[in-house]
Amino acid sequence: MNAPPAVTAYPHLFSPVTIGTRTLRNRIVHASMSTHYAAAGRVTPRLIDYYANRARGGASMLVSEPMAMLSWQNLPTRPAILFGINAGELTRWADAVGEHGSLMLGQIQDNGRGFRSGFRNPNAFGPSALPDDLSGTVPHALSTGQIERMIAEFVQSALALQQAGFAGVEISAGHGHLFHQFLAARSNVREDRYGGDLAGRATLLLDLIAALRSTCGSDFIIGTKLPAEDGMPDGIDLEAAAQITTLVHATGQVDYLTYCWGAHGDTLYEHLPDLHGPRTPYVDRIAALGRAAPGMPLGALGLITDPNEGERIVRDGLADLVMLGRPLVTDPAWGIKAEAGREAQIRYCVSCNTCWHMINVGRGLHCDNNPRVGAPDEADWTPEPAPVRRKIVIIGAGIAGMEAAWVAAARGHDVTVFAASHEAGGKTRLHALLPGGENLSSIYDYQRLAAERAGAVFRWNMPATAADIIALAPDHVVLATGATPAWPDYLPAEYRGEGFFPDLREAMADLAQRPGRQAGTAVIHDSDGTAFVYAAAELLNDRFERVVILTDRERLAADEAMVTRQGVYARLGRKGIDFVTSVRPLATSRFEEGELAYADVFSGRQTVLTDVALFTYATARIPDVALEAPLRAAGLEVRTIGDAYAPRTVLAATSEGYHAAMSF
Ligand SMILES: Cc1cc2nc3c(=O)[nH]c(=O)nc-3n(C[C@H](O)[C@H](O)[C@H](O)COP(=O)(O)O)c2cc1C
């Protein structure tokens, strides 16, 4: 491993800071993220490994996922605190983080009425019987006595954490969850001391802070994550957030503050900013809010992905802590790599929100650009050498083939990659050229650099034939040749292969080379439902007078995380891009006259679009596996991965590339 330089390029990011009575060795803090690695409420080895690796990788303070601290919190994926079932594991967890000189904080949170499973939560509690904006859940309004009991249970749980070696807690008071619901007039119409004006609505938060401090003492860190702008009517805006900040500051009991955006409604996506907006979008507003709490350490948060951004934030006095969520899922060693000047070896977050999607579909935290989240030796991992050096031929330099290439080469195998084009990345490279896709290049840039460093040989611009591969006499072949959108059966067969009707990838590759606007309407038939389609629609919107998306599915972006889907709808709406759901184009369309007919899939009702200048389609992808049979017939061992195995996601591609390389 490269030794760290005597002087880091980020002296402010790697300078110590005092939080309460504790000193952190640097400014990098792991922001709270649900991993869902607990099972039946039990802390698992994977959960501990996840946090220990981020401590080893350079985070000086880590905020956990929300813990089960109340008698009504019984989600199996939350580490249970209140009932003591994890006593030994909590100590092991705090010790595993402490071993690296880092502090572990537990997050205090309850969802209240907030629910995002697509149906109502029948067991929700909240400040008032008013509906959740996402699910329509109307909670049971907590009695004053229940609130007092809840505070007591939070404090009892915090004490258990303290006894286990946790350095403190963070109160999650944003994201539209319970504390936020108390703070906002939209969700709190109580008439007891926990309602009324803003000061009244902040009473739950302030009472909890006071109770935590008096029980856990002055050495226990108490942080708060407050709502900044939730974007909802009668919600929290910057002015209210500043007033809440003043109230929190006046307690004199809080050790750091940070903020979040959005709420449990159609603004939820704002809590996970992506490259469709500016980088570090919230830092200036966080700095301004922090002025309402002079002297209190402030955490910047939100799409801070690059060490230079972290350095600037601390150097310019915008915040004291650099809180990283998704970037530390992608690379737990973000900190030590930055400190040592190894920025090119960081796997950067591509803000795809697969992590968020995976916990919401019950699979636990996963990452498109890190196939090893939660592995015991995850931080700054280099593969162990393989027992026997094998000759491996990889066909395809998309992200599945490239992941296999770098891992196999780093394990010491003799790796040759056949690439059909002169560049790595495949269709992900095309996506990276589209609005909001820029960061995706980090996936294949990292892979290529790592593969070349490890000695993989690339044959660029060489669509391999079976004979080429057989001639190399490989021990293993990895087929990562991807998939191609199916030719739509409603298009005139005589035009197939003529280029008049490009699929969406061909259309994007063409437009990326050709600037300038055109008259008429561009129409996309979308059966795919992935982010690529809507990024392409945005590019088309810059180039054509009008863009219409027709999808046979019930909604757009059906294969994406709900937060990503919200962002898609928000941008399409703002840009005036039209879409129609549950429709199919018709073979009766008069394409030569610029007319496209489509029908509603349920009613059959037909509509005709005129002035169609471009028709393009993102139909179901069909695997490109023409080489599979001849290679197998020649007796070669072939492993088919990624879209060539079955067209799916980026996550499936990188994960299968990794697992293939580890199996040789
Ligand atoms: C998968 C995932 C789970 C999250 N879970 C929580 C949570 O339980 N509590 C919380 O306060 N924030 C949660 N967040 C929000 C993060 O703490 C952070 O505010 C957000 O990701 C923005 O920071 P980033 O751009 O560095 O990712 C979660 C974020 C992600 C991506």
Side-chain angles (χ1 to χ4, degrees), residues 28-38 50 54 59 61-69 73 75 77-79 105-112 114 116 169-180 223-228 230 257-264 268-283 286 299-307 309-310 313 319 321-331 334-335 348-370 373-374 439 561-564 567 651:
I28 302 169
V29 176
H30 174 279
S32 166
M33 283 174 291
S34 299
T35 63
H36 287 198
Y37 291 157
Y50 171 86
R54 277 135 191 96
M61 185 165 83
L62 295 92
V63 185
S64 79
E65 56 217 275
M67 311 280 220
M69 299 187 176
Q73 290 180 329
L75 262 183
T77 48
R78 276 192 187 215
L105 269 51
Q107 193 177 60
I108 294 179
Q109 187 263 17
D110 188 79
N111 291 330
R116 48 176 183 269
V169 287
E170 179 183 272
I171 305 170
S172 179
H175 297 305
H177 295 313
L178 186 75
F179 291 96
H180 188 162
T224 56
K225 189 174 190 181
L226 298 177
D230 62 22
L257 270 173
T258 188
Y259 296 87
C260 56
W261 266 253
H264 243 258
L268 191 63
Y269 71 104
E270 293 179 1
H271 89 286
L272 295 176
D274 59 25
L275 263 277
H276 290 280
R279 290 175 178 274
T280 65
Y282 301 140
V283 170
I286 288 174
L301 177 147
L303 200 63
I304 304 165
T305 54
D306 190 288
E309 293 165 344
I313 287 164
L321 302 172
V322 175
M323 304 190 76
L324 305 175
R326 293 164 294 174
L328 292 190
V329 178
T330 314
D331 199 332
W334 189 97
Y348 288 97
C349 170
V350 299
S351 50
C352 57
N353 296 331
T354 292
C355 47
W356 197 88
H357 192 43
M358 288 296 113
I359 61 168
N360 283 286
V361 296
R363 285 193 48 201
L365 208 60
H366 285 72
C367 177
D368 280 4
N369 200 14
N370 175 7
V373 187
N439 271 15
M562 183 242 279
V563 279
T564 302
L651 177 64

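In listed order, ligands and their atoms are each counted from 1. We're numbering straight along the sequence, starting at 1.
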Practice task
Verify, without hydrogens or angle tests, whether Ser32 (side chain) and Ser64 (backbone) share a donor-acceptor contact under 3.5 angstrom.
Solution key: yes
Handout entry: Side-chain donor/acceptor of Asp230 to backbone N/O of His175, under 3.5 Å
Key = no
Fill in the blank from the handout: Near Ile359 (heavy-atom distance under 4.0 Å), the atoms of ligand 1 are 1 (C), 3 (C)
Fill in the blank from the handout: Closest non-hydrogen contact found for Cys367 with Thr330 is SG-OG1, 3.6 Å
Problem - Atom indices of ligand 1 within 4.0 angstrom of Leu303 heavy atoms, with elements - result: 24 (P), 25 (O)
Practice task
Distance to 0.1 Å, residue and atom name: give those for the protein heavy atom nearest to atom 26 (O) of ligand 1.
Solution key: Gly325 N, 2.8 Å
Practice task
Kindly give the heavy-atom pair with the smallest separation between Met33 and Glu65, and that separation in Å.
Solution key: O-CB, 3.3 Å
Exercise for the section: Could you please spell out the steps behind the side chain to side chain contact (heavy atoms under 4.5 Å, CB included) verdict for Val563 and His271? Expected result: CA-CA 9 Å; Val563 279; His271 89 286; 4.0 Å; yes
Fill in the blank from the handout: ligand 1 atoms nearer than 4.0 angstrom to some heavy atom of Cys355 are 1 (C), 31 (C)
Practice task
Quick one: look at Gln109 and ligand 1, take heavy-atom pairs under 4.0 Å, and tell me if it's side chain, backbone, both or neither.
Solution key: neither
Exercise for the section: Verify, without hydrogens or angle tests, whether Trp334 (side chain) and Leu324 (backbone) share a donor-acceptor contact under 3.5 angstrom. Expected result: no
Fill in the blank from the handout: In ligand 1, the atoms that come under 4.0 Å of a heavy atom of Arg326 are 24 (P), 25 (O), 26 (O), 27 (O), 31 (C)
Fill in the blank from the handout: Filtering Gln107, Lys225, Met33 for the heavy atom nearest atom 19 (O) of ligand 1 leaves Lys225
Handout entry: Leu226: which of Thr258, Leu257, Ile171 passes side-chain contact (heavy atoms from CB on, under 4.5 Å)
Key = Leu257
Completion exercise
Ranked by distance from atom 22 (C) of ligand 1, the top protein heavy atom is His271 O, 3.5 Å
Practice task
Under 4.0 Å from a heavy atom of Leu272: give me the atoms of ligand 1 that qualify, with their elements.
Solution key: 20 (C), 21 (O), 29 (C), 31 (C)
Exercise for the section: Please work out which of the three classes, parallel, tilted or perpendicular, describes the rings of His177 and His264, given edges at 30° and 60°. Expected result: tilted
Exercise for the section: List every atom of ligand 1 that sits less than 4.0 Å from any heavy atom of Leu365, numbering the atoms from 1 in the order shown and giving each element. Expected result: 1 (C)
Handout entry: Close-contact set for ligand 1 against Pro327 heavy atoms, below 4.0 Å
Key = 26 (O)
Fill in the blank from the handout: Short version for Val63: what comes under 4.0 Å of ligand 1, heavy atoms counted, is neither
Practice task
For Ser172, counting its heavy atoms only, list the atoms of ligand 1 lying under 4.0 Å from any of them.
Solution key: 11 (O)
Problem - Within-shell test, Glu65 vs ligand 1, heavy atom, strictly < 4.0 Å - result: no
Handout entry: Minimum-distance protein heavy atom relative to atom 16 (C) of ligand 1
Key = Ser32 O, 3.3 Å
Problem - Short side-chain to backbone donor-acceptor contact, Asn439 and Tyr348, under 3.5 Å - result: no
Exercise for the section: State whether Arg279 and Glu309 are salt-bridged, where the test is any N-O pair (Lys NZ or Arg NE/NH1/NH2 against Asp/Glu carboxylate O) under 4.0 Å. Expected result: yes
Practice task
Looking only at distances, please establish whether an N/O atom of ligand 1 is found under 3.5 Å from an N/O atom of Ser34.
Solution key: yes
